[in-house]
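The model shown is predicted, which means the values in this text are computed figures rather than measured ones.
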Number of protein chains: 2
Amino acid sequence: MESKNRSHCPVTYALDLIGDKWSLLMLRDIILFDKKYYHEFTQSLEGISTNILANRLAMLEGNGILLKVRDEQDKKRFIYSPTEKGLDLLPVIISMVLWSAKYDADTVAPLDEIKKIEQDPAAFMNKVRSKFSGEKMPDPVAL
Amino acid sequence: MESKNRSHCPVTYALDLIGDKWSLLMLRDIILFDKKYYHEFTQSLEGISTNILANRLAMLEGNGILLKVRDEQDKKRFIYSPTEKGLDLLPVIISMVLWSAKYDADTVAPLDEIKKIEQDPAAFMNKVRSKFSGEKMPDPVAL
DNA sequence: TGAGGTTGCTTGTGTTTTGCAAGTAAACAT
DNA sequence: ATGTTTACTTGCAAAACACAAGCAACCTCA
């Protein structure tokens, strides 16, 4: 499930991995809306088809952006979570959100939340990141 | 040449306009590499086919991201330039560049330039923007 | 003035990707 | 044991894409 790179231009590298209409929406659901399970992704507003969803989940996992583990509470399910590489895409998502909030007259982005993000994006990102400060973080470097 | 929106989520709005493998590469060429002409886009590293190129140029123009004007020096050519809406996508491009520079072991992004952008992204964006401070900027608000 | 080159597309044709509906298998619930 | 939930997979039609060729407007130079 590898993507072949068109070039090693950094814009191209990112687009070859997440430059489609679904991958960043899935990361939005995982990172911002706390979705974890396959069936939760099928319930998003935009209606992804299940074959595309399965394909993208495998691709994102294969490229180290998502982590997939069996749910020990209910072994027929899997829990998807962002890796550090996935969480590091938050600035991409946020810059898209700010751009759309500015130019989409019909945006549903809440204005007060947008203003908070604009004033202190680092604070917003830290708050989001703190939700995932669990088992999948790399070991802290010893002092 | 309109894109229909899947939803008015701000992530979706951005992806519906520029969430494909080519649009942001073209904006990279226009904004960062100073490309202006159709034939210059065909010469990029990644090799876009001409029908897709023509389609995307029309789409980006139709959505107010690019401006297309006839070149008065050579009337068989057109000059493409970013609108304010197009220039406002610079944060999206930059955040992708920083992410790829971090995770692509084979990136061609120059390390010293990346560090400068990381330390002061606003300064980099202003420098890039100053290249386009010409006729297509909106009139400054009267004092 | 007209022949050839440049530029910016458009048009075919085949391949790949996507969307939609239906089906399957493992785990679980009763 | 039977039905249900969950996570996919499969088949097929539609759309998007890549590649090659063609074409029209404009320019160049004789």
Margin query: Students often get this wrong, so: under 4.0 angstrom with heavy atoms, is B:Lys21 touching a base, only sugar-phosphate, or nothing?
Written below: nothing
Note to self: Hydrogens and angles aside, do A:Ser7 and A:Thr12 bring a side-chain donor and acceptor to less than 3.5 Å of each other?
What the structure shows: yes
Item checked: Set of residues satisfying side chain to side chain contact (heavy atoms under 4.5 Å, CB included) with respect to A:Lys36, sequence neighbours excluded -> A:Glu40, A:Ile79
Check: C:dG19 phosphate, OP1 or OP2: any side-chain N/O from B:Arg6 under 4.0 angstrom?
Finding: no
Notebook entry, point to check: Nearest to the side chain of B:Ala54 - D:dT9, D:dA7, C:dC9?
Noted result: C:dC9
Check: Rounding to a whole Å, what distance do you find between A:Phe78:CZ and D:dT5:P?
Finding: 19 Å
Next item on the list: For each nucleotide in nucleotides 23-30 of chain C, reading 5' to 3', give B when a protein heavy atom comes within less than 4.0 Å of its base, S when such contact involves only the sugar-phosphate, and - otherwise.
Entry: ----BS--
Checklist line | Electrostatic pair A:Lys131-A:Asp34, nearest N-O below 4.0 angstrom | finding: yes
Next item on the list: Can you figure out which of D:dA7, C:dG8, C:dA21 approaches the side chain of A:Tyr37 most closely?
Entry: D:dA7
Notebook entry, point to check: Just to confirm, is there a sub-4.0 Å distance from OP1 or OP2 of D:dT6 to any side-chain nitrogen or oxygen of A:Lys36?
Noted result: no
Check: Should the pair B:Asp74-B:Arg77 be classified as a salt bridge under the 4.0 Å nitrogen-to-oxygen rule?
Finding: yes
Check: Of all residues at least two apart in sequence or in a different chain, which pass the salt bridge (Lys or Arg N to Asp or Glu O under 4.0 Å) check with A:Lys102?
Finding: B:Asp88
Margin query: Check for me whether B:Lys68 meets the cation-pi criterion with B:Phe78, that is, NZ or CZ under 6.0 Å from the six-membered ring centre and within 45 degrees of the ring axis.
Written below: yes
Check: Which of the following nucleotides, D:dC8, C:dT10, C:dG19, is nearest to the side chain of A:Trp22?
Finding: C:dG19
Check: Can you tell me how far P of C:dT16 sits from CD1 of A:Ile52, to the nearest Å?
Finding: 16 Å
Check: Within the structure shown, what part of the strands sits under 4.0 Å from B:Tyr80 by heavy-atom distance: base, sugar-phosphate, or nothing?
Finding: sugar-phosphate
Next item on the list: Please state how far atom CG in B:Leu53 lies from atom C1' in D:dA16, giving the value in whole angstrom units.
Entry: 16 Å
Notebook entry, point to check: Do you see a donor-acceptor pair shorter than 3.5 Å between the side chains of A:Tyr13 and B:Asp106?
Noted result: no
Notebook entry, point to check: Of the nucleotides D:dT10, D:dC8, C:dG12, which one has an atom closest to the side chain of A:Asn51?
Noted result: D:dT10
Notebook entry, point to check: Do the numbers put A:Arg6 on top of the ring of B:Trp22, so that NZ or CZ is under 6.0 Å from the six-membered ring centre and no more than 45° off the axis?
Noted result: yes
Check: Given that A:Arg56 and B:Thr50 both sit by DNA chain C, which one's nearest nucleotide is further toward the 5' end?
Finding: B:Thr50
Check: How close or far is atom C1' of C:dT18 from atom CG of A:Asn55, stated in whole angstroms?
Finding: 10 Å
Item checked: Length of the line joining B:Ile48:CD1 and D:dA20:C1', which is rounded to integer Å -> 16 Å
Next item on the list: Mind calculating the distance between CE (B:Met59) and C1' (D:dC17) to the nearest angstrom?
Entry: 16 Å
Next item on the list: Would you indicate which nucleotide in C:dC9, C:dG19, D:dC17 comes nearest to any side-chain atom of B:Tyr38?
Entry: C:dC9
Check: Taking CD from B:Gln43 and P from C:dT6, how many angstroms apart are they, rounded to a whole number?
Finding: 12 Å
Item checked: d(NZ, A:Lys68; P, D:dA7) in whole Å -> 9 Å
